[in-house]
Chemist: 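Mind having a look at this structure? Questions to follow.
Letters A, B, ... mirror the listed sequences (proteins, then strands); counts begin at 1. Only this structure's heavy atoms are used, side chains among them; waters, hydrogens and symmetry mates stay out.
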Amino acid sequence: MSILADENTRLVVQGITGGEGSFHSRQMLEYGTKVVAGVTPGKGGQKFDDKVPVFNTVADAVKEQGANASVIFVPPPFAADAIMEAADAGVALIVCITEGIPAIDMVSVYQYLQIKDTVLVGPNCPGVISPGKCKIGIMPGFIHLPGRVGLISRSGTLTYEAVKQLSDLGIGQSTCIGIGGDPIIGTNFTDALKFFNDDSDTDAVVVIGEIGGTAEQEAAAYIKESFTKPVAAFIAGRTAPPGRRMGHAGAIISGSEGTAEEKIETLRNAGAHVAESPADIGKMLKNALN
Amino acid sequence: MNIHEFQAKEILKKFGVEVPEGYVANTPDEAEKIAEKLGGGTVVVKAQIHAGGRGKGGGVKLAKSATEAREIASQIIGMNLVTHQTGPEGKKVTKVLIEEGVDIARELYLGIVLDRAKSRLVFMASTEGGVEIEKVAASTPEKIIKEYIDPAIGLQGFQARKIAFGLGLEGDQVKNAVKFLAALYRAFVQTDCSLAEINPLIVTKQGGVMALDAKINFDDNALYRHKEIAELRDLHEEEPLEVEAGKYNLNYIKLDGEVGCMVNGAGLAMATMDMIHISGSEPANFLDVGGGASAETVKNGFKIILSDKNVKAILINIFGGIVRCDRVAKGVIEAASTIDIGVPVVVRLEGTNAKEAAILLEESDVAFEVGRSFQDAAEKIAKAVLN
């Protein structure tokens, strides 16, 4: 097993005919993901690369192709709408890669999703991968190794770094989730930890956080209360100055809230093995497993 | 994005938020004329810089007449204002806001922020006007009134009344506060603010409710739909190197250390800064060159990093996932051969074709050191700084 994505995932790509969308659709197909449909309003009836049918709406993709997950490569002004369209069409999982969606749009999207039976991952994230089964997003597939460790991260390339460290140590992954670097995201650390807690094929979890917000502290509280598996963690941004946005819209220390030190301390108090150095994330997980 | 107080007040006024009458002056002459226009009585002269703490730094003063306003303006315009937010080097004041004096009965705090944990906007109010909300939150959290806003229906009247009564307002004050709160919420949502802080929010002796100060930040992600707001950006308030980097679409933040770094991805960039610190030196910057790390972006990255004279060595840390490392290596070599770098450079490329990339780097004419791992690269850069 794995969480969110597996061999039964039937993916629709929103924005499949755009530059990013078409490039990564090919990459996902190459990895073995069942990309069953694309959506570009107005281009319904076409075929992407002569094999993937393109529809005008996500609802059509669900009806005609049985799509049960969506990945979004739509530009920021239209991405919030794309998320809601996918939720309305009833897909179980929505992965939004788009970076730069206005926060107020996401406040409305978040509220809209409360009454829908859909899990949103992102926005501004690399996506979700269950190695060997299904890749939804923009991460390089080859660094992953099928296995029994889950990974949750707010970052992109730092996630790949951690995955590579794990794979180099021979530690495979059940599912890796990039939850995204924005202030408002669909699936947070705690939500993802709950999925892994219930997954019998995940033995331990790596949490990669960063400065800004309190999501890691909330995750620490959940780990302390209810999480039954070992956790290794790393928090980026110890050297980041307060009040500055470090690339990600959500990576900002406001006042005294959201510092790396505070996150590290609360995670340690919750029993997580927190790596001091980003070069030791893999080793930390190995220690946690022993 | 940050704007000046006078700009914030102009925007708020358009939405019906009550603010004192005032105008901005660039010279003492203008200051005097504005003070006369305001009736010639008491006015406040306020330095316009982005940092907070202006009053304590001597950037906000009362003037009892138009002549005095002129005198004070001549002291403030051109001064180097140092506050707890400007750093010891301070900020040069180029304009002042001249505002009518108001009869203050009470000073309160009001703010709207995005609560990330609840994914909603929240009004925060407190009776402790003039005090930083973080301090109130730390010492007397029970004094903060919070109202979360349902995005589908917006701020409701009962919520506004809850805040007003919670602040101890009565009679006409409540009516005025409710109007004020509704207007502030409209301004926030319609201009895509990321923060609005009215500190202090004042109650006048006549029962009016007014923004004596106003700090507004905008969501950078939403500026595409607010061209008129994007134009309010004051580049003088920003670090020149960061403005320069922005022209190249590079995400650069200047820091105080001596190791420049160039990384693809914000999370890995922060982790690289942390790694430099762990290895015994300090990062000179944050720089995310984006996923692709092309020759062009690397070249511009070098230019920006080298403009910082504190930089003694440069660490390049690229995770080539979809982009192949040998391609990135060629780009790095190409970029380096067109500019005079003059400081040691350690390059660490990880991912697809990393080995081929290392060979390319080692065999090139450019004197790069190759980091074999994250750890190795950090150790090499620490050594390079010492030499």
Chemist: Quick check on the interface: out of B:Asp274, B:Asp150, B:Leu121, B:Ile253, who has the most heavy-atom pairs with chain A under 4.5 Å?
Modeler: B:Asp274
Chemist: Just verifying a value: how many Å separate A:Leu158 CG and B:Asn317 CG, rounded to the nearest 0.5 Å?
Modeler: 10.0 Å
Chemist: For the residue pair B:Tyr224 and A:Pro77, what are the closest heavy atoms and their distance?
Modeler: OH-CA, 3.3 Å
Chemist: Side chain, backbone, both or neither: which part of A:Glu218 has a heavy atom under 4.5 Å from chain B?
Modeler: side chain
Chemist: Given a strict heavy-atom distance threshold of 4.5 Å, which part of A:Met139 is in contact with chain B: side chain, backbone, both, or neither?
Modeler: backbone
Chemist: Under a 4.5 Å heavy-atom cut-off, does chain A meet the side chain of B:Ser279, its backbone, both or neither?
Modeler: neither
Chemist: Most heavy-atom pairs under 4.5 angstrom with chain B, which of A:Asp182, A:Ile235, A:Thr239?
Modeler: A:Thr239
Chemist: Between A:Ile208 and chain B, which part of the residue has a heavy atom less than 4.5 Å away: side chain, backbone, both or neither?
Modeler: neither
Chemist: Closest approach of A:Thr157 and B:Gly265, non-hydrogen atoms and distance?
Modeler: OG1-CA, 3.4 Å
Chemist: Given that the side chain runs from C-beta out, which part of A:Arg154 has a heavy atom under 4.5 Å from chain B: side chain, backbone, both or neither?
Modeler: side chain
Chemist: Just checking A:Glu225: does its CD atom have more than 12 heavy atoms from other residues, nucleotides or ligands closer to it than 6.0 angstrom?
Modeler: no
Chemist: Name the member of B:Met270, B:Met275, B:Gln375 that forms the most heavy-atom pairs with chain A at distances under 4.5 Å.
Modeler: B:Met270
Chemist: In terms of heavy-atom proximity below 4.5 Å to chain B, should A:Phe142 be classed as side chain, backbone, both, or neither?
Modeler: side chain
Chemist: Out of B:Asn221, B:Ile149, B:Asp220, B:Leu223, return the one with the most heavy atom pairs under 4.5 angstrom to chain A.
Modeler: B:Asn221
Chemist: Ignoring hydrogens and angles, tell me if any N or O in the side chain of B:Arg116 forms a donor-acceptor pair with the backbone of A:Gly250 under 3.5 Å.
Modeler: yes
Chemist: For the CD atom on A:Glu20, are there more than 12 heavy atoms of other groups (residues, nucleotides or ligands in this structure) within a distance under 6.0 Å?
Modeler: no
Chemist: Do you know which of A:Ala215, A:Ala260, A:Pro140 has the most heavy-atom pairs with chain B at a distance under 4.5 angstrom?
Modeler: A:Pro140
Chemist: Side chains of A:Ile184 and B:Leu114, heavy atoms from C-beta outward: is any pair under 4.5 Å?
Modeler: yes
Chemist: Shortest non-hydrogen contact from A:Pro278 to B:Ala271?
Modeler: CG-O, 3.5 Å
Chemist: Show the numbers, then the answer: is there a side chain to side chain contact (heavy atoms under 4.5 Å, CB included) between B:Leu268 and A:Tyr160?
Modeler: CA-CA 9 Å; B:Leu268 190 59; A:Tyr160 313 158; over 6 Å; no
Chemist: Got a second to check how far B:Leu255's CG is from A:Arg244's CZ, nearest 0.5 Å?
Modeler: 8.5 Å
Chemist: Please flag which part of B:Asp219 lies under 4.5 Å from any non-hydrogen atom of chain A: side chain, backbone, both or neither.
Modeler: side chain
Chemist: Relative to chain B, which of A:Ala240, A:Gly247, A:Ser108, A:Gly156 shows the most heavy atom pairs under 4.5 Å?
Modeler: A:Gly247
Chemist: Out of curiosity, B:Asp288 CG to A:His248 NE2, how far, rounded to the nearest 0.5 Å?
Modeler: 7.5 Å
Chemist: Which one wins on heavy-atom pair count under 4.5 Å against chain A: B:Gly320, B:Ser119, B:Ala378?
Modeler: B:Ser119
Chemist: So does B:Lys254 have more than 12 non-hydrogen atoms from other groups sitting under 6.0 Å from NZ?
Modeler: yes
Chemist: To the nearest 0.5 Å, what is the distance between NE2 (B:His277) and CD (A:Glu276)?
Modeler: 9.0 Å
Chemist: Do the side chains of A:Pro241 and B:Asp256 get nearer than 4.5 Å, heavy atoms only?
Modeler: no
Chemist: With a 4.5 angstrom heavy-atom cut-off, which part of A:Tyr112 approaches chain B: side chain, backbone, both or neither?
Modeler: neither
Chemist: Non-hydrogen atoms of chain B under 4.5 Å away: do they reach the side chain of A:Ile101, the backbone, both or neither?
Modeler: backbone
Chemist: Tell me, out of B:Ala266, B:Ser373, B:Gly257, who's got the most heavy-atom pairs with chain A below 4.5 Å.
Modeler: B:Ala266
Chemist: In terms of heavy-atom proximity below 4.5 Å to chain A, should B:Asn251 be classed as side chain, backbone, both, or neither?
Modeler: side chain
Chemist: Could you report the tightest heavy-atom contact between A:Ser277 and B:Ile278, atom names first, then the distance?
Modeler: CA-CD1, 3.6 Å
Chemist: Give the member of B:Gln85, B:Arg225, B:Lys118 that has the highest number of heavy-atom pairs under 4.5 Å with chain A.
Modeler: B:Arg225
Chemist: Find the one option among A:Ala236, A:Pro183, A:Gly243 whose heavy-atom pairs under 4.5 Å with chain B are most numerous.
Modeler: A:Pro183
Chemist: With a 4.5 angstrom heavy-atom cut-off, which part of A:Ala103 approaches chain B: side chain, backbone, both or neither?
Modeler: both
Chemist: Within a strict 4.5 Å, meaning less than it, do heavy atoms of the B:Pro151 and A:Tyr110 side chains meet?
Modeler: no
Chemist: Chain A heavy atoms under 4.5 Å from B:Glu350: which part of the residue, side chain, backbone, both or neither?
Modeler: side chain
Chemist: Taking C-beta and beyond as the side chain, do B:Phe319 and A:Lys164 meet within less than 4.5 Å on heavy atoms?
Modeler: yes
Chemist: Side chain from CB out, backbone as N, CA, C, O: work out which of these in A:Ser155 comes under 4.5 Å of a heavy atom of chain B, or both, or neither.
Modeler: side chain
Chemist: Could you tell me which portion of A:Gln27 (side chain, backbone, both or neither) has an atom closer than 4.5 angstrom to a non-hydrogen atom of chain B?
Modeler: side chain
Chemist: In terms of heavy-atom pairs under 4.5 Å, which option from A:Gly181, A:Ala249, A:Gly100, A:Ala162 contacts chain B the most?
Modeler: A:Gly100
Chemist: When only pairs under 4.5 Å are counted, which of A:Gln165, A:Met106, A:Arg245 shares the most heavy-atom pairs with chain B?
Modeler: A:Arg245
